[in-house]
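Please read the structure below before turning to the comments.
Since the model is a prediction, treat every value here as computed from it, not as a measurement.
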Amino acid sequence: MISTDVNLITAVDVSDSITRHEEWLQYTGLARGVVDPHFLSLVDKGLTQRIGFMAFTWSSGGQVRVIVPWAEVADREDAAEVAAQLSTAPRIDRAHYVGHDQAPDAAEQPVSLSAGGRTDVSQAVAIASRFARSAPFQGRRTIINILSNGADNIGSEPNLQRDEAIRQGATINGVVFGGRRDLPAYFEQNVIGGPGAFLMTVHDPADLPEALERKFWHDLLAASTALGKDGSGASSWQ
């Protein structure tokens with residue numbers, strides 16, 4: 001099995017409250033982030049000089065779609081291939097969503113994992129943890145990014161899934177955006193956690209591309225700091 005410095009999993013919120021423009025803003029920022037020179041420089045300075053990368057969308061009703069299958073990122077060419085998949089990811093059909101009157105896309109429909117039309121952050125964390133366990137790369141660290149503009153409003157709070165993911169060795173970081181003033185505190189208390197965990201807050205969704213352009217290298221910096229603090233591999237990044 002190929003070894004990596006980090007296995008990086010990103011869960012993109014495309015639930016009912018997300019507009020198509022906000023969906024596009026998330027994809028655009030993530031595509032920029034994976035080819036960001038600072039990010040690739042940190043990858044190159046790692047012990048293995050590679051990371052594992054995958055991304056999926058999660059939405060109302062627990063629907064999930066893998067938009068970037070597990071991929072090895074070791075150089076700009078690898079990163080460009082991942083960015084292309086993010087940029088061309090099929091948009092979710094919102095024809096049945098309340099408050100969205102756009103025509104449906106022709107893309108294939110995501111697979112439904114549960115019933116309902118809610119924001120299920122806990123399931124997003126659980127699905128990310130499942131992908132972490134099945135990763136084809138042996139990562140020295142696992143980082144899960146949860147993007148969202150809302151709190152969990154179905155089933156149990158996500159702190160139980162978060163705690164289980166941490167027990168399995170993952171760090172969960174968050175990106176929250178939009179007008180909910182209570183959302184940063186909610187994510188800090190219930191979603192993020194693990195060594196080096198941090199939350200990025202974007203008040204205006206229009207700023208998402210710029211914020212997400214910096215996201216992945218902040219993930220690696222936080223992971224390298226955590227490696228040094230716990231004594232399990234301070235040499236992972238030089």
ask   = Between F137 and W70, what is the ring plane arrangement, given parallel below 30°, perpendicular above 60°, and tilted in between?
value = perpendicular

ask   = Side chains of R141 and N7: does their closest heavy-atom pair fall under 4.5 Å?
value = no

key: Side chain proximity check, E72 to F53, heavy atoms < 4.5 angstrom   = no

message = I'd like to check V34 versus F216 (side-chain heavy atoms, cut-off strictly below 4.5 Å). Are they in contact?
response = yes

key: Straight-line distance of Q49 CD to S3 OG, nearest 0.5 Å   = 13.0 Å

key: Check: F56 and V12 side chains under 4.5 Å, non-hydrogen atoms   = no

ask   = Any side-chain heavy atom of F198 sitting closer than 4.5 Å to one from D219?
value = yes

inquiry  = How long is the straight-line distance from NE2 of H21 back to CD of Q26, given to the nearest 0.5 Å?
reply    = 11.5 Å

ask   = Just wondering, more than 12 heavy atoms not from R214 lying within 6.0 Å of its CZ?
value = yes

request  = Using the six-membered ring wherever Trp is involved, compare the ring planes of W217 and H38 and label them parallel, tilted or perpendicular (cut-offs 30° and 60°).
outcome  = tilted

ask   = Going hydrophobic residue to hydrophobic residue with side-chain gaps under 4.5 angstrom, can you get from W58 over to V66?
value = yes

Flag if over 12 foreign heavy atoms under 6.0 Å of CD, Q168 = yes

message = Taking the side chain as everything from C-beta on, heavy atoms only, tell me whether R50 gets closer than 4.5 Å to T4.
response = yes

message = Just verifying a value: how many Å separate E210 CD and D204 CG, rounded to the nearest 0.5 Å?
response = 11.0 Å

ask   = Should I67 and W24 be counted in the same cluster of Ile, Leu, Val, Met, Phe, Trp and Tyr side chains packed under 4.5 Å apart?
value = yes

ask   = Just by distance, do the side chain of T225 and the backbone of L221 share a donor-acceptor pair under 3.5 Å?
value = yes

request  = Please examine the side chains of P69 and M54, heavy atoms only from C-beta on, and report whether any two atoms are closer than 4.5 Å.
outcome  = no

note = Paired with L30, the side chain to side chain contact (heavy atoms under 4.5 Å, CB included) test is passed by just one of L208, N145, L86, namely L86

Contact check, side chains of T201 and H203, non-hydrogen atoms, under 4.5 Å = yes

request  = Return yes if some donor-acceptor pair links the side-chain N/O of D44 with the main-chain N/O of L40 below 3.5 Å, else return no.
outcome  = no

